[in-house]
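Convention: sequence-line order gives letters A, B, ...; per-chain numbering from 1. Hydrogens, waters and symmetry mates play no part in the numbers below; they use all other heavy atoms, side chains included.
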2 protein chains.
Amino acid sequence: MCSRTTPRSTRTGRPRSTEADEAILEATRAALVELGWSKLTMGDVATRAGVAKTTLYRRWANKNELVVDAVAVLFDELELPDLGSLQADISHVVLQFAALLERPETKTALMAVVAESTRDAPLRERIRASIVERQKRLVLDGRRRAQERGELPADRDPAVVDATDDLIFDVVAGAVVHRALVSAEPVDAAWVNRLSSLLVGGLGAVVALG
Amino acid sequence: MCSRTTPRSTRTGRPRSTEADEAILEATRAALVELGWSKLTMGDVATRAGVAKTTLYRRWANKNELVVDAVAVLFDELELPDLGSLQADISHVVLQFAALLERPETKTALMAVVAESTRDAPLRERIRASIVERQKRLVLDGRRRAQERGELPADRDPAVVDATDDLIFDVVAGAVVHRALVSAEPVDAAWVNRLSSLLVGGLGAVVALG
DNA sequence: GCCTTTCGCTACGGGTCGTAGCGTAATGGC
DNA sequence: GCCATTACGCTACGACCCGTAGCGAAAGGC
């Protein structure tokens, strides 16, 4: 959560309050819901959390890192139960991800921190480690299961496998984000059906749906 | 560009300086390159453009709307020449879009204004009209050509056609944005080949590439 | 020439940032 | 139990940016 250069055990003095940690993150999520990203201020978060502003700055260097940590835990909810087919698995995880994006705290925060990360390498790494990786393992699981079912050909070149996982991840996550935030249209069952059909069968399959 | 309630021709008094308009937009792009979204200030843009800060506020209500207009014109560069096949058309437009996203002024600005638009309906409409629509017509052209070539089935239900165009747009644009900004990996020819294969032939076709 | 609008300029109140300094509170080491 | 060390709440601060108001001058339409 907060960066430490020395291990926790070898330190002396008064320890950091874990209650304050959680209160700050919770206050940050509440402030995101009420105010959105741009109107959220460090002073307001501190007041909501019942701590001093200096306590925030001892833990997080700026608003970006604080918000990443506050939102990251929400991605722990994502899971991928085995629903018996590749298309069903895709639909399920897409709907889960869309529901997460619909929450006001993630909706306003995710794009903002990604935008900031284009000019802030440490922030980019923080996002990758605490958010992107949590989503990516779902792709790995889904592909592996589909191959075990025989829905996809078995692996040949490991490098190609990695590249394909990356591709699927960017396509699925990117499509959902773009639909929800840029097009601002609902990610409903009908849309998810078209998306999973496209992924499994290609454009011809989707156009033929009509 | 700037909202007017009354038509331009029926107005009296000193007209707005079009030189100032262009100088401000150009200064905004330059400031985006140097400073990025979060450190760009209205006062700095005014100084760069050689105009007074009040002149900016007569034209744009806030930073968001200014930046949308400053970046929107860059999307005019996108075009879709007929390259003879659906896959080639897709690859070409994806590479164009990726090159646009690589420019520092768009990279830092696009995600930021989309993030703001989640809590600002007028801004969302402005983005839709001046950026999203310019990209979307490329999808319409590409699908129409593919159908004329016989690469895709002919239309049946017009509603399905619209839905499919929307889907393709979100998938392609979303995938490129996610790859470039979230995964922060290059959108190179190899990746584009995998993406277009996925779109045309589905997951089976991509995995079989290896 | 008169009216209208924009222009550059200056100044301002209000808000946020991030830090410094202080006295106090809570640990671990001895 | 005492001490060194660290975290805490609080206050205050300079720096910065915001968005607006008011002014006289400039540039058009009629």
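- B:Thr106 pairs in a side chain to side chain contact (heavy atoms under 4.5 Å, CB included) with only one of the listed residues (B:Val33, B:Ile131, B:Val71), which is B:Val71.
- For the pair B:Lys107 and B:Trp37, the NZ or CZ position fails the cation-pi test of under 6.0 Å to the six-membered ring centre and within 45 degrees of the ring normal.
- Between B:Asn64 atom CG and D:dC18 atom P the separation is 12 Å, expressed in whole Å.
- A:Ser17 comes within contact range of the sugar-phosphate backbone alone, with a heavy-atom separation under 4.0 Å but no base atom that close.
- Note: CG (A:Leu35) to P (C:dG15) measures 14 Å, nearest angstrom.
- Counting to the nearest Å, the C1' atom of D:dC18 and the NZ atom of B:Lys39 are 18 Å from each other.
- For B:Thr12 and D:dG28, the shortest distance from a side-chain N or O to OP1 or OP2 is not below 4.0 Å.
- A salt bridge is defined here as a Lys NZ or Arg NE, NH1 or NH2 lying under 4.0 Å from an Asp or Glu carboxylate O, and B:Asp89 with B:Arg145 meets this definition.
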> Run the side chain to side chain donor-acceptor pair (under 3.5 Å) check on B:Ser17 and B:Glu19 step by step: do they pass?
Replying inline: CA-CA 5 Å; B:Ser17 163; B:Glu19 290 85 357; 3.2 Å; yes

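- Residue B:Leu56 contributes atom CG, which lies 14 Å from atom C1' of C:dT6 at whole-angstrom precision.
- Listed nucleotides C:dG21, D:dC18, C:dC17 differ in distance to B:Met42; the shortest reach to its side chain belongs to D:dC18.
- Closest approach to the A:Thr55 side chain among C:dT19, C:dT10, D:dC8 is made by D:dC8 (side chain taken as heavy atoms from C-beta onward).
- For the pair B:His92 and B:Asp82, the minimum side-chain heavy-atom distance is 4.5 Å or more.
- Closest contact between the side chain of A:Arg58 and the listed nucleotides C:dG18, D:dG9, D:dG28 involves D:dG9.
- Ranking D:dC8, C:dG8, C:dT5 by closeness to the B:Arg14 side chain, first place goes to C:dT5.
- For C:dC7, its base never sits under 3.5 Å from the side chain of B:Thr54 at any donor and acceptor pair.
- Atom CZ in B:Arg59 sits roughly 17 Å away from atom P in D:dG19 (whole-Å rounding).
- Distance, A:Tyr57 OH to C:dG21 P: 18 Å, rounded to whole Å.
- Looking at the side chain of A:Lys53, the nearest of the listed nucleotides D:dC18, C:dC17, D:dG28 is C:dC17.
- For A:Arg16, the side-chain atoms get nearest to D:dA7 when compared with the rest of C:dG8, D:dA7, D:dT11.
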